[in-house]
2 protein chains.
Amino acid sequence: MARDTEKRRAELRAKLLEIAEIEVREKGVQSLRARALAEQAGCAVGAIYNVFDDLTGLILALNGRTFQRLGASVSEEVDQSGGAPVDKLIIMGHAYLRFATDNPNLWRALFDVEMTADGIVPVWYLEELGRLFAIIAAPLAQMHPKAEPAELDLMTRTLFSSVHGIVLLGLERRISGVPTERIKEMITFLLTRFSEGP
Amino acid sequence: MARDTEKRRAELRAKLLEIAEIEVREKGVQSLRARALAEQAGCAVGAIYNVFDDLTGLILALNGRTFQRLGASVSEEVDQSGGAPVDKLIIMGHAYLRFATDNPNLWRALFDVEMTADGIVPVWYLEELGRLFAIIAAPLAQMHPKAEPAELDLMTRTLFSSVHGIVLLGLERRISGVPTERIKEMITFLLTRFSEGP
DNA sequence: CTATGTGTTGAACGTCGTTCAGAGAAGGTG
DNA sequence: CACCTTCTCTGAACGACGTTCAACACATAG
């Protein structure tokens, strides 16, 4: 009974996430509606609040999946690529860009969440980000064997933030923006320059 | 009469913007409420819609002011600084960071606007961004006298986006984030590395 | 004074996320 | 079988939101 309930809730959680993902992917996170979600899932509106704190909690859970897929996507591409560390960095940057262009709404949702609620960021959110950072840090450590951990961390954050900024502003408005190919160039440009330094 | 009306509307516009700016500065753009705005301005809710298309229009107008102040702030700091072009770049990056830390909510509002409405970005929005780009392009042109305009544009966008990304993720969550001093380091780091290239 | 055109108003509308009193199912007990 | 207890789920109701528009106020012209 307690087991049954738990199982049913887990199923509802999964179902809601599945439906929400489709909606967010197609229309963006702003179009997520509690009532529409419940109707598609064949449950009552209130049921959503039995398995999630609120819609923000649902979006956070959804972002968790997206984060994992993003990490996997980047890892995969860099793993099956040989080459110098700098090439790995560039491939990672391009993989990040590709993920963003392939899943613009899901990717955007990662950063659009209303974090202002209580200023509380879930632990796993930071963990996922840390995993992404770790992927970047590896080639950097290879390039700078003698660098202090603190300095490596600085470089990692700098590079990730820079690439993120390039992708973000590049995709922000197609109108003002540049074609994807130019964004790729910008990433290559940045990382190449960065790696030529002392 | 037509004059009178126009004047009164202009005054209401200014008054609403003033009040909205205080609210956004203190509570963030998400806390802007039509009713509260009207009450503080001593007018009817409907009056807001006589002088602005909707709340998004008001926020866009507010962002216009912020954009100008941001540009002025960055220009001022870089103008009164001599030094090599690379130092100007660094000063500009730091000025951008300072503006963002001094006015976090106003700065954030610049990028949080719901642009998705019709995909229509006001012309002056792009013009203001262009002005910011121009400020950056100047030292870059000095550093690379022989660079093609297209290449300069690429560098400009790359650097602006990178610094923006560093500031954005750096301030995103104080919890996960790094202290401001570290963000400054990251900007210096990036721009120095970038300028040492060929 | 009345008629006319123009500007302003705020109650009303539709929609949203969220809640919670009550319906309903399931299990235990005699 | 009937009855009670316990836990779960439901969906109408709530309050707040942005936005609208019929009704009002008022200045001017005849």
Side-chain angles (χ1 to χ4, degrees), chain A residues 1-17 19-21 23-24 26-63 105 109 112-118 120, chain B residues 1-17 19-21 23-24 26-63 105 109 112-118 120:
Chain A
M1 42 151 126
R3 277 299 294 254
D4 259 18
T5 298
E6 211 167 326
K7 193 175 160 192
R8 234 170 334 138
R9 290 200 175 181
E11 279 169 12
L12 183 57
R13 260 183 89 94
K15 194 174 198 173
L16 285 173
L17 279 177
I19 295 171
E21 179 168 319
E23 180 68 19
V24 171
E26 291 179 356
K27 307 277 185 61
V29 72
Q30 308 290 355
S31 301
L32 212 58
R33 301 281 174 254
R35 283 175 237 276
L37 214 51
E39 192 180 0
Q40 287 185 59
C43 69
V45 253
I48 297 174
Y49 297 86
N50 288 338
V51 294
F52 291 106
D53 285 350
D54 47 29
L55 281 198
T56 301
L58 190 153
I59 294 171
L60 282 180
L62 181 59
N63 282 349
N105 287 328
D112 278 356
V113 211
E114 202 64 21
M115 296 283 204
T116 70
D118 288 326
I120 299 171
Chain B
M1 42 148 124
R3 278 298 296 254
D4 258 19
T5 299
E6 211 168 325
K7 194 173 159 192
R8 233 172 333 137
R9 289 198 175 181
E11 279 170 11
L12 182 57
R13 260 184 89 94
K15 194 175 199 173
L16 285 172
L17 279 177
I19 295 170
E21 178 168 320
E23 180 67 21
V24 171
E26 290 179 357
K27 307 278 184 59
V29 70
Q30 309 289 356
S31 300
L32 212 57
R33 302 281 174 253
R35 282 175 239 274
L37 214 51
E39 192 181 359
Q40 288 184 59
C43 69
V45 254
I48 297 174
Y49 297 85
N50 288 337
V51 294
F52 291 107
D53 285 350
D54 49 28
L55 280 198
T56 301
L58 191 153
I59 294 171
L60 283 180
L62 181 59
N63 281 349
N105 287 328
D112 277 357
V113 211
E114 201 65 21
M115 297 282 204
T116 70
D118 289 325
I120 299 172

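Residue numbers begin at 1 in each chain, while the letters A, B, ... track the order of the sequences. Computed from a predicted model, the values in this text were never measured in an experiment.
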Minimum-distance nucleotide to A:N50 side chain [options: D:dT10, D:dT8, C:dG7]: D:dT10

Protein-nucleotide distance (A:I48, atom CD1; C:dC20, atom P), rounded to Å: 17 Å

Length of the CG-P vector between A:L16 and D:dC9, whole Å: 12 Å

Rounded interatomic separation in angstrom, taking CD from B:Q30 and C1' from C:dC16: 15 Å

Over 12 foreign heavy atoms within 6.0 Å of CD, B:E39: no

Distance, rounded to the nearest Å, where B:E39 contributes CD and D:dC17 contributes P: 11 Å

A:A61 versus A:L17, closest heavy-atom pair with distance: CB-CD2, 3.9 Å

Sugar-phosphate, base or nothing in reach of A:L32, heavy atoms under 4.0 Å: sugar-phosphate

Given C:dG10, C:dT8, C:dG17, the nucleotide with the shortest approach to the side chain of A:L55: C:dG17

Side-chain-base donor-acceptor pair under 3.5 Å for A:R33 and C:dG17: no

Length of the line joining A:L58:CG and C:dT18:P, which is rounded to integer Å: 10 Å

base_contact_polar (C:dG7 base, B:R8 side chain, donor-acceptor, <3.5 Å): no

Minimum heavy-atom distance A:V29-A:A109, with the two atoms named: CB-CB, 4.0 Å

Nearest heavy atoms of A:A41 and A:L16, plus distance in Å: CB-CD2, 3.7 Å

Separation of C:dA12 P from B:Y49 OH (nearest whole Å): 18 Å

Selection from D:dC9, D:dC17, C:dT19 that lies nearest to any side-chain heavy atom of A:V45: C:dT19

Atom-pair distance (CG on A:L37; C1' on C:dC16), nearest Å: 14 Å

CG/A:D53: more than 12 non-hydrogen atoms of other groups inside 6.0 Å: no

Along DNA chain C (nearest heavy atom to each residue), the more 5'-positioned of B:R35 and B:C43: B:C43

Separation of atom CG in A:D54 from atom C1' in C:dC16, rounded to whole Å: 14 Å

